[in-house]
Amino acid sequence: VLFFGMILSTPDVVSIEASYAGADSAGVVLDDKNEGFIVIGTREDGEEIELSRWKIDNPKTLVADETESVVIAYGELTDTIEVKCSTSAVKELIVEYTGDREEGTVITKDSSGLKVTALCKNGDKKDVTDACELVKEVKFKADKSVNIQVKYIDPISGETFEESKKVRC
């Protein structure tokens, strides 16, 4: 740097540290155009500065429930970070019944009108009706409510979910 005819030295960056605070849903591209990366350089004198001319030579696309390693380079310096894609693991179930509600109707796992939807941690919704177990069959009685209770084991997390829905005859 030239300042009134004097040369001032700028300490060189001796190490970098990258972090990621951007979107983490499936399909997000991790490249040097992604604004979620923050790269901090540490100079010889210990001063930390945010860097802007870093590169990612191995762009990755996030896939649900997977972690991608990305190498950030600033000149000859590199830092590898892992970015975990938001998970499609289940956070809750929604039980719906739109079938026959006449007295004597028995609700089984295969009853038409029974639908179980899983709400995932990444915001996705998926129909898990076929993968659910009906805790017990229920039979409609005149002017009474029945409690439809289902159980579902999430294949991603291994967690068991139970949810119920009161339905009136």
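These values consider heavy atoms only, across backbone and side chains, with no hydrogens, waters or symmetry-generated copies.
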Open item on the list: Would you say NZ of K60 has more than 12 non-hydrogen atoms from neighbouring residues, nucleotides or ligands within 6.0 angstrom?
Closed with: yes

Open item on the list: Check this for me: R168, atom CZ, are more than 12 non-hydrogen atoms of other residues, nucleotides or ligands nearer than 6.0 Å?
Closed with: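 Check passes, neighbour count above 12.
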
TODO: Verify the distance criterion only: is there a donor paired with an acceptor across the side chains of Y74 and D79 at less than 3.5 Å?
DONE: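 Judged by distance alone, the side chains do not pair up.
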
Task: Q149-E163 side chain donor-acceptor pair, cut-off 3.5 Å - done: no

If I take atom [atom1] from residue [X] and atom [atom2] from residue [Y], how far apart are they, to the nearest 0.5 angstrom?
X	Y	atom1	atom2	answer
D57	D31	CG	CG	11.5 Å
I40	W54	CD1	CH2	11.5 Å
K121	K91	NZ	NZ	9.5 Å
K115	D130	NZ	CG	11.5 Å

Task: Whether D124 side chain and S88 backbone form a donor-acceptor pair below 3.5 Å - done: no

Task: Note, I49 side chain near V13 side chain (heavy atom, < 4.5 Å) - done: yes

Contacts table for residues 93-107: side-chain donor-acceptor under 3.5 angstrom, sequence neighbours left out:
residue, atom, partner, partner atom, Å
Y97, OH, D100, N, 3.2
Y97, OH, D100, O, 2.8
D100, OD1, E102, N, 3.0
D100, OD2, T105, OG1, 3.2
R101, NH2, Y97, O, 3.0
T105, OG1, E102, O, 2.9

Which atom pairs, one a donor and one an acceptor, fall under 3.5 Å between side chains of residues 139-146 and the rest of the protein, sequence neighbours left out?
none

